[in-house]
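I have a structure I would like to understand better, so I am pasting it below and will then ask my questions one at a time.
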Amino acid sequence: MTRPITTAYLNPAARRWRAEPRGGSPLEFHRSLPGYAPTPLVAVPSVAAALGVGAVLVKDESRRLGLSAFKILGASYAIARALSARCGMETVGTLGELRSAFSEGGGVSLLAATDGNHGRAVAHIAALLGLRSHIFVPRGVSEQAKAAIVAEGADLVELDLSYDDVVAHVAARAGGDALLIQDTSWSGYEEVPQWIVEGYATLLEEVEEQLADRGFERPDLVVVPAGVGSLAQTVVERYRSFDHGPAVMVVEPRTAASVTTALHMADRVSVPTDETVMTGLNCGTVSALAWPALRNGLDASVTVTDDQALAAVAEMAGVGVDSGPCGAATLAAVRTAAADEDLRATLGLTAESVVVLLNTEGTIANPKSQQL
């Protein structure tokens with residue numbers, strides 16, 4: 001374990017780095033899901049005025065496909081890709097096609113470790129497909145989050161371990177008919193996490209269409225919660241695949257500063273974590289798959305306290321956005337950046353800047369509301 005570094009990290013060269021453009025789009029698959037609709041992009045002019053920027057818009061994932069978080073975008077796409085490959089389909093099957101293909105179950109079950117939202121998404125898709133799911137959670141996950149996973153029909157196992165150790169435990173159980181659907185990667189386990197990363201691109205495609213509808217050519221800054229870095233990888237790789245992409249900043253809890261520490265040390269290291277209200281970001285090790293993109297393409301990484309995150313939750317609620325601490329942490333982060341001369345300069349924040357905050361979760365565990 002490495003002692004965490006919580007000082008903000010800045011990379012003025014980030015926008016000179018280029019990622020290879022990824023072919024294909026998961027949007028067509030997501031449009032086939034029951035109840036699909038783009039989530040709102042909410043303008044918050046009062047926040048923009050306070051920060052001294054042109055516009056602040058919040059991508060509100062608190063009502064994504066009947067759940068309260070963005071995670072289902074990656075989980076659904078990865079599950080569909082994995083099951084389609086398993087039954088020999090040449091393209092990605094719809095949930096209806098896959099449910100028919102696995103109508104007898106075939107003994108297949110889905111496994112995942114989670115701090116809450118990813119596991120619930122895996123369980124939700126498993127239920128739509130008629131498959132069993134086994135979801136493992138570390139200590140500190142809220143009773144509400146655990147109840148929401150159980151409500152999706154999952155077999156829930158709580159372990160008195162850290163998130164990283166739970167991931168290792170579940171990985172050791174996977175194989176054969178027990179398919180691991182995990183949103184972090186390590187040597188030898190990259191394919192499913194890459195599909196998850198690709199699935200998150202739907203969120204950004206929606207943002208770009210919604211910005212265009214408002215007359216904005218592109219964002220100038222995108223702020224994303226870090227966690228193990230998979231969503232941040234999606235954001236960085238997309239916006240570093242073409243010229244004139246926006247600045248990208250990640251935020252994480254001060255008590256789980258794995259990305260910030262790794263960036264300072266120029267190495268993917270593990271850090272100890274402590275309890276935080278930002279449960280979904282309580283991760284001690286950056287995903288191996290995400291690390292190269294974060295190391296090269298992030299403009300900045302900042303850490304925030306629980307008090308800052310909770311204050312941001314209240315501020316989001318005041319402008320009509322349902323945001324949990326992980327999603328609201330983006331607002332806390334941009335407030336930190338706007339008040340810091342070096343961060344503001346690195347991110348290129350001006351009175352004309354268009355800032356997009358990714359609100360990755362809501363506060364309410366929504367009941368199941370969809371049928372296949």
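For this chain, numbers begin at 1 and follow the sequence in order.
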Output all residues satisfying salt bridge (Lys or Arg N to Asp or Glu O under 4.0 Å) with R295, sequence neighbours left out; order by chain, then residue number.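 In terms of salt bridge (Lys or Arg N to Asp or Glu O under 4.0 Å), with neighbours along the sequence ignored, R295 is linked to no residue.
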
Among S270, S162, S258, the one residue meeting side chain to side chain donor-acceptor pair (under 3.5 Å) with T285: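 Of the listed options, the one satisfying the test is S270.
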
Is E341 salt-bridged to R344, going by a charged N under 4.0 Å from an acidic O?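 Answer for the salt bridge query: no.
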
Could you measure the distance from the CG atom of L131 to the OG atom of S103? Nearest 0.5 Å is fine.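 The OG atom of S103 is 10.5 Å from CG of L131, to the nearest 0.5 Å.
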
Measure the spacing between OG1 of T350 and CG of L221 and express it to the nearest 0.5 Å.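 Reported value, rounded in 0.5 Å steps: 11.0 Å.
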
Single-linkage hydrophobic cluster, 4.5 Å side-chain cutoff, V236 and V302 together: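 They do not share one cluster, since no chain of ILVMFWY contacts under 4.5 Å joins V236 to V302.
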
Under 4.5 Å between side-chain heavy atoms, counting indirect links through other Ile/Leu/Val/Met/Phe/Trp/Tyr residues: same cluster for I5 and V251 or not?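 Per the 4.5 Å side-chain linkage, I5 and V251 are not co-clustered.
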
Interatomic distance, S133 atom OG to E152 atom CD [nearest 0.5 angstrom]: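 Spacing of OG (S133) from CD (E152) equals 8.5 Å.
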
For residues I181 and Y200: do they belong to one hydrophobic cluster (side chain heavy atoms under 4.5 Å, members Ile, Leu, Val, Met, Phe, Trp, Tyr)?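 Yes; tracing contacts between hydrophobic side chains, which count when under 4.5 Å, links both residues.
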
Under the salt bridge (Lys or Arg N to Asp or Glu O under 4.0 Å) test, residues paired with E208 that sit two or more places apart: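 R238.
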
Can any side-chain N or O of S84 pair as donor or acceptor with the backbone N or O of G93 at less than 3.5 Å?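 Judged by distance alone, yes, a pair lies under 3.5 Å.
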
Please check if the side chain of R268 supplies one atom and the backbone of W291 the other of a donor-acceptor pair under 3.5 Å.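 Between the backbone of W291 and the side chain of R268 there is no qualifying donor-acceptor contact (under 3.5 Å).
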
So does T6 get a backbone contact from the side chain of R254, meaning a donor-acceptor N/O pair under 3.5 Å?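 No, the answer is negative, given that no donor and acceptor are paired below the 3.5 Å cut-off.
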
Applying ring pair (Phe, Tyr, Trp, His ring centres under 6.0 Å), which residue pairs with at least one partner in residues 246-288 are found, sequence neighbours left out?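 Passing the test, one end in residues 246-288: Y9-H264.
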
salt_bridge(E206, K59) N-O dist < 4.0 Å: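 Result for this pair is yes, salt bridge flagged.
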
Path from V235 to V259 over hydrophobic side-chain contacts below 4.5 Å: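 Linked, V235 and V259 end up in one cluster.
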
Might you confirm whether atom CZ of R173 has over 12 heavy atoms from other residues, nucleotides or ligands at distances under 6.0 Å?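 Result for CZ/R173: open.
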
Please check: side-chain N/O of R15 versus main-chain N/O of G245, any donor-acceptor pairing under 3.5 Å?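 Checked: no pair found.
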
Within this structure, what is the OG1-CD distance for the pair T336 and Q308, rounded to the nearest 0.5 Å?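 Rounded to the nearest 0.5 Å, the OG1-CD separation comes out at 4.5 Å.
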
Do the ring planes of Y239 and F242 sit parallel (below 30°), tilted (30 to 60°) or perpendicular (above 60°)?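 Rings of Y239 and F242: perpendicular, over 60°.
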
Point-to-point distance, once rounded to the nearest 0.5 Å, from CG of D299 to CG of L347: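 Those atoms lie 6.0 Å apart.
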
Count I, L, V, M, F, W, Y as connected when their side-chain heavy atoms are under 4.5 Å apart, and connections chain through other members. Are L294 and W186 then in the same cluster?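 They do share one cluster, since a chain of ILVMFWY contacts under 4.5 Å joins L294 to W186.
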
With a 6.0 Å cut-off (strictly less than), is the heavy-atom count around CD of E158, excluding the residue itself, greater than 12?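 Yes, because the 6.0 Å sphere around CD of E158 holds more than 12 heavy atoms from other groups.
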
Give a yes or no on whether E275 atom CD has more than 12 heavy-atom contacts from other residues, nucleotides or ligands under 6.0 Å away.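 Check fails, neighbour count at 12 or below.
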
